[in-house]
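Chain A is the first sequence line, chain B the second, and so forth, proteins listed ahead of strands; every chain is numbered from 1.
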Amino acid sequence: MILVSVFLPRSRTMALKFRLRESVGMQDRTYTADAEPGDDVTVAGWVHEIRDLGGIAFLILRDATGKIQIKFEKDEMDEDLVETGLGVARESVVEVSGAVEEEPRAPTGVEVTPESLEVVSAADPELPLDPSGKVDAEMSTRLDNRTLDLRKDEVQAVFEIRAEILRATREQFREFDATEITTPKIVATGTEGGTELFPITYFGEEAFMNQSPQLFKQLIAGSNVERVFEIGPIFRAEEHNTPRHLNEATSIDFEGAFCDQNDAMDVVEGVVKAAYEAIAENCQDELEALGLEDEFGLSDDAFPRISYEDAIERINATGELDEQLVWGDDLSTAAEEALGDDVGGHYFITDWPSEIKPFYIKDHDDDPQLSTGFDLMHPRMELVSGGQREHRHENLIEGFEQQGLDPDQFEYYTKMFKYGMPPHAGFGLGGERLVMTILGLENIREAVLFPRDRQRLSP
RNA sequence: GCCCGGGUGGUGUAGUGGCCCAUCAUACAACCCUGUCACGGUUGUGACGCGGGUUCAAAUCCCGCCUCGGGCGCCA
């Protein structure tokens, strides 16, 4: 990514966003975005850069709201002050007090003439990566030094937007009358078998990190709560090596009683669109930092709902695949790409063959070969999988057996289907994949502060 | 799980057997410069992932290990 400008003018909304924090921060500190000409201020932050032109020199101070220029005139100012100010290493934390003056030649139109400067925390002059962005760093170097990496505007913007996506999806779920729940991450059994779970020891007993809140959210949807959502971590022990998989991911889950797969699709479509809208409305500065301000948005059109049968026909018709797909085939990455290019936007694939969907997905009443399962696809990758759930106890037990699972191990789950389980439907949406597709990130690790992948366990 | 490609100063790179006590940028150090905004200029500092092998000669070829990234499978 290329930094658009060293000085990103922060808008009024940005300044307002941070003003709220002042009540809990340094009482007499002014954010750089709030420094107005005529004020006597104390600003505190990181030394972004020092430009020494000889008789005059500038220190660029950066904080969460932006940057401000501190001016040093060597002949006219206290020698110690100049020496301290210009001797400090980049990325050191300093606190500067002085008068803010209007100055058209300054990058933001204002600059501070310092009266005092304190080095709060000196930085090592040799940095493991360059937060000013003049020199790129590799993903691995960046992740090993996330604190420094986040000092770059375009990196910080990703996580501000991620936070906005989470806020907007939460709010949208509330619009759908769903209650936020949290379910256990340490579990006795997996959702779909034990092969892809991280085993742990729980007081001497075998346990696992949960790979999905699926069974728990169903149990709560079957209570009077009816509609639930959860935004939380999921853990998968698969040893994949791709730019779109994580071993710890954030799942955005929904489950609703008296809902069918079409209702679930309505909800997920609403949630995804709410995320796009919230970003367009509240994250202009961040979009600019990422260079996305011109092209950002999502069409108002409904996401097309394409049946599995039509999907394979359409894929075959593109001629992109070496071998024609036949009914019952799962969709390969190449097939998904061919269809994604053909559709050109988000779309659902519905009515999958029952045999390639998990046991808890309900089949169509009039055709047991067809499931109510659906996927929401972004042209670049799968975002969501969902469907109507099997709520009939007998059918559920049968499903376990057909999938080669022992229903006795899941008794905590299946027995609740004996005490009044309404029809219900839901979905799981990949949180990082949502962030990644919305922002066009090349690697899913860009969307997580401290990613867990096959190689990385720390930091 | 199968397959492919990398690892060179702090950072990012050039270099496919001798022309390399290793290129360039940035950083760092010193000096010059009174309006920079990726400031500019001069000089300097600093590196071939680890171990073994082939060769008169290895950053370069071979083997093993460590490590990073990607493709597929599978998935969110």
For A:R167, salt bridge (Lys or Arg N to Asp or Glu O under 4.0 Å) partners two or more places apart: A:E164, A:E171
base_contact_polar (B:rC75 base, A:R433 side chain, donor-acceptor, <3.5 Å): yes
Report, one pair per line, the protein and nucleotides 27-31 of chain B atoms (nitrogen or oxygen only) whose separation is under 3.5 Å.
residue : atom : partner : partner atom : Å
B:rA27  : OP1  : A:K134  : NZ           : 3.1

Report the nucleotide, chosen from B:rU34, B:rA76, B:rG70, that has the shortest atom-to-atom distance to any side-chain atom of A:I444. B:rA76
So does A:E390 pair up with A:K362, basic N to acidic O under 4.0 Å? no
Who pairs with A:T113 by side chain to side chain donor-acceptor pair (under 3.5 Å), at least two apart in sequence or on another chain? A:E101
Ring center gap for A:F400 and A:F410 short of 6.0 angstrom: yes
Could you identify the nucleotide paired to B:rC72, looking across every strand shown and requiring Watson-Crick or G-U wobble geometry with both distances under 3.5 Å? B:rG1
With sequence neighbours left out, write down each residue that passes salt bridge (Lys or Arg N to Asp or Glu O under 4.0 Å) with A:E277, or none if nothing qualifies. none
Residue pairs meeting side-chain hydrogen bond (donor to acceptor under 3.5 Å, both in side chains), one or both in residues 341-356 of chain A, sequence neighbours left out, come to A:R314-A:D342, A:D351-A:H364, A:S354-A:D363
Contact class for A:Q455 (heavy atom, under 4.0 Å): base, sugar-phosphate, or nothing? sugar-phosphate
Under a 4.0 Å heavy-atom cut-off, which of residues 369-381 of chain A touch RNA chain B? none
Under 4.0 Å between a side-chain N/O of A:T333 and OP1 or OP2 of B:rG73, yes or no? yes
Can a donor-acceptor pair be found, under 3.5 Å and without considering hydrogens, that links the side chain of A:Q172 to the backbone of A:A275? no
Does any pair with a residue in residues 427-459 of chain A pass ring pair (Phe, Tyr, Trp, His ring centres under 6.0 Å), and if so which ones, sequence neighbours excluded? A:F254-A:F427
Taking a pair to mean Watson-Crick or G-U wobble geometry with both distances below 3.5 Å, B:rA47 pairs with none
Please determine whether a side-chain nitrogen or oxygen atom of A:R445 lies at a distance below 4.0 Å from atom OP1 or OP2 of B:rC68. no
Any-strand Watson-Crick or G-U partner of B:rU13, both distances under 3.5 Å: none
Interface residues of residues 238-245 of chain A with RNA chain B (non-hydrogen, below 4.0 angstrom): A:E239, A:H240, A:N241, A:T242, A:P243, A:R244, A:H245
Polar-atom pairs under 3.5 Å, protein N or O versus N or O of nucleotides 12-15 of chain B: list them with distances, or write none.
residue : atom : partner : partner atom : Å
B:rG12  : OP1  : A:E138  : N            : 2.9
B:rG12  : OP1  : A:T141  : OG1          : 2.8
B:rG12  : O4'  : A:D136  : O            : 3.0

Centroid-centroid under 6.0 Å between A:Y276 and A:F296 rings: yes
Nearest-Å distance once atom C1' is located in both B:rC28 and B:rG12: 16 Å
Do A:D453 and A:Q455 have side-chain heavy atoms sitting under 4.5 Å apart? yes
Assign A:K71 to base, sugar-phosphate, or nothing according to its heavy-atom contacts below 4.0 angstrom with the strands shown. base
Regarding A:A106, tell me which of base, sugar-phosphate or nothing describes its non-hydrogen contacts under 4.0 Å with the strands shown. base
For RNA chain B, which residues of residues 343-353 of chain A approach it to below 4.0 angstrom with any heavy atom? none
Contact class for A:I234 (heavy atom, under 4.0 Å): base, sugar-phosphate, or nothing? nothing
Checking N1-N3 plus N6-O4 or O6-N4 for Watson-Crick, or N1-O2 and O6-N3 for wobble, each under 3.5 Å, the partner of B:rU42 is B:rA30
Have a look at A:S385 and say if it touches a base, only the backbone sugar-phosphate, or nothing, with a 4.0 Å heavy-atom cut-off. sugar-phosphate
May I ask you to say what A:E248 touches in the nucleic acid, namely base, sugar-phosphate or nothing, with a heavy-atom cut-off under 4.0 Å? nothing
What residue pairs, at least two apart or across chains, pass salt bridge (charged side-chain N to carboxylate O under 4.0 Å, His left out) with a residue in residues 76-87 of chain A? none
With sequence neighbours left out, write down each residue that passes salt bridge (Lys or Arg N to Asp or Glu O under 4.0 Å) with A:E382, or none if nothing qualifies. none
